[in-house]
Amino acid sequence: MLMSWKYRLQAAAPFAGIPPSSSPFVVVGVPLDATGTYKPGARFAPSRIRAAAANIEFYSLAAGLVLEDISLNDIGDIALPPGDTEGSLRIIEEVARGVKAEWGESTPIFLGGEHLITYPIVRALREELDYLIVFDAHLDMRDNYYGSKFNHATFLRRLIEEGVKVIHLGSRAYSGEELEYARRNNIEVLSALEVRDGAFGGRELGRVYISIDMDVLDPAYAPGVSNPEPFGLTPIALLRLLKELVAASDEVIGIDIVEVNPLVDVNDITSVLAAKLVFELIGLIEDRRRPR
Ligand code: MN
Ligand code: MN
């Protein structure tokens with residue numbers, strides 16, 4: 001008997017307390033927390049972000065939109081085999097493909113989990129993708145990390161090797177090897193010093209997938225991440241960039257928000273900000289879809 005990808009899912013309290021329904025947005029929790037070398041805890045992020053979302057207004061500042069009438073289809077968390085990173089990546093890709101096949105008209109929103117989840121998700125959505133847009137303090141472009149090829153510090157290099165076009169924003173922490181790799185391969189990298197309003201001005205990006213590693217934000221605003229790095233973006237700077245980015249795109253084919261670590265957070269600051277970013281992106285995407 002063929003096993004449906006849906007058996008991979010585990011029920012969770014729905015995002016923002018909104019009951020599942022057919023919706024222009026599908027929320028999927030991906031609690032992968034397998035390859036961290038510093039502070040573990042990202043596995044607790046999907047449920048904490050959902051809880052935070054239930055306690056803030058359903059409003060998008062960037063879009064100027066009340067979101068109360070926009071439903072979310074929260075399909076729960078992906079159940080992942082403990083200690084089996086390769087198996088986890090296979091299952092995440094399988095579920096991402098299933099979500100795409102079943103709700104192709106909806107925008108999937110993946111709540112990590114560690115940043116490695118972006119690898120199988122982007123592989124699943126690959127055919128529709130023009131640009132992968134990454135916000136991150138780190139490049140995640142190492143060839144290997146302690147001998148491992150597939151982890152949070154290498155995944156973006158793996159995607160680039162597979163031909164994915166990347167624009168990277170907000171970085172400020174590099175290994176020499178990564179810098180050289182990015183230069184040699186002409187990867188567009190705008191560091192935290194270089195990103196400005198207007199970064200996407202006048203561009204036509206086509207269909208984009210947006211990956212937000214929460215450590216792109218300054219630790220003052222997002223203390224609950226596994227690898228905090230000083231000199232990060234302010235939330236309002238990130239919001240302006242996202243607004244420009246969505247305006248410069250034809251379609252946002254998916255989003256992930258990764259690397260929230262509730263175990264090292266302070267008063268859920270980072271989970272609340274992650275939840276708010278979801279609302280902002282929903283507002284911007286919804287606004288983009290409406291006829292003008
Ligand atoms: Mn990252
Ligand atoms: Mn990072």
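Residues L217 and L238 form a side-chain contact, since some pair of their non-hydrogen atoms from C-beta on lies under 4.5 Å apart. When side chains are defined from C-beta on, D218 does not count as touching T234, because their heavy atoms never get closer than 4.5 Å. Between I285 and F25 the shortest side-chain heavy-atom distance falls below 4.5 Å. By the 4.5 Å heavy-atom criterion applied to side chains, V278 and I109 are counted as neighbours. Residues L241 and F135 are in side-chain contact: their nearest non-hydrogen atoms beyond the backbone lie under 4.5 Å apart. By the 4.5 Å heavy-atom criterion applied to side chains, E177 and D143 are counted as neighbours. For the pair I269 and Y221, the minimum side-chain heavy-atom distance is 4.5 Å or more.
R123 and E93 make their closest contact through NE-OE1, 2.9 Å (heavy atoms, listed as atom of the first residue, atom of the second, distance). Between A42 and L32, the closest heavy-atom pair is CB-O, 4.3 Å. The heavy-atom pair separating S271 from R48 by the smallest distance is OG-CG, 3.4 Å. Here the closest non-hydrogen pair linking A96 and F110 is CB-CZ, 4.2 Å. The two atoms that bring S106 and S23 nearest to each other are OG-O, 2.7 Å, heavy atoms only.
Taking the charged nitrogens against the carboxylate oxygens, D77 and R50 do have a contact shorter than 4.0 Å, which makes a salt bridge. Ion pair E251/R288 not flagged as a salt bridge, since none of the NZ, NE, NH1 or NH2 atoms sits closer than 4.0 Å to an Asp/Glu carboxylate oxygen. A salt bridge does not link R43 to E114: none of the charged nitrogens lies less than 4.0 Å from a carboxylate oxygen. A salt bridge is defined here as a Lys NZ or Arg NE, NH1 or NH2 lying under 4.0 Å from an Asp or Glu carboxylate O, and R203 with E188 meets this definition. Under the 4.0 Å criterion applied to side-chain N and carboxylate O atoms, R90 and E94 are not assigned as salt-bridge partners. Of the charged side-chain nitrogens involved, none lies within less than 4.0 Å of a carboxylate oxygen, so that R157 and D140 do not count as a salt-bridged pair. The pair E244-R240 fails the salt-bridge criterion, with no side-chain N (NZ, NE, NH1 or NH2) lying under 4.0 Å from an Asp/Glu carboxylate O. Under the 4.0 Å criterion applied to side-chain N and carboxylate O atoms, R172 and E229 are not assigned as salt-bridge partners.
Hydrophobic clustering keeps L263 apart from V30 (ILVMFWY residues linked when any side-chain heavy atoms are closer than 4.5 Å, directly or through intermediates). The cluster map of Ile, Leu, Val, Met, Phe, Trp and Tyr, joined by side-chain heavy atoms under 4.5 Å apart, puts F155 and V164 in the same cluster.
A donor-acceptor pair is defined here as one N or O able to donate and one able to accept, closer than 3.5 Å; no such pair exists between the side chain of D130 and the backbone of V208. Proximity of a side-chain donor or acceptor of D213 to a complementary backbone N or O of V216 within less than 3.5 Å is not detected. Here the side chain of D287 pairs no donor or acceptor atom with the backbone of A63 at under 3.5 angstrom. Judged by distance alone, the side chain of T154 and the main-chain N or O of R142 form no donor-acceptor pair under 3.5 Å.
Remark: L67 CG to L72 CG distance equals 8.5 Å, nearest 0.5 Å.
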R158 and E162: CA distance, side-chain angles, deciding distance, salt bridge (charged side-chain N to carboxylate O under 4.0 Å, His left out) verdict: CA-CA 6 Å; R158 297 289 92 81; E162 293 180 20; over 6 Å; no
Working for side-chain hydrogen bond (donor to acceptor under 3.5 Å, both in side chains), residues Y209 and D256: CA-CA 8 Å; Y209 179 93; D256 65 52; 2.7 Å; yes
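Paired with E180 under the rule side chain to side chain contact (heavy atoms under 4.5 Å, CB included), one option of R184, R183, E178 passes, and it is R184. T270 pairs with exactly one of D215, D265, N261 by the side chain to side chain donor-acceptor pair (under 3.5 Å) rule, that one being D265.
Using modelled atom types, one finds a donor on one side chain and an acceptor on the other under 3.5 Å when comparing H115 with D136.
Among residues at least two apart or in separate chains, ring-ring contact (aromatic ring centres under 6.0 Å, His included) pairs with a member in residues 49-99 are F58-F279.
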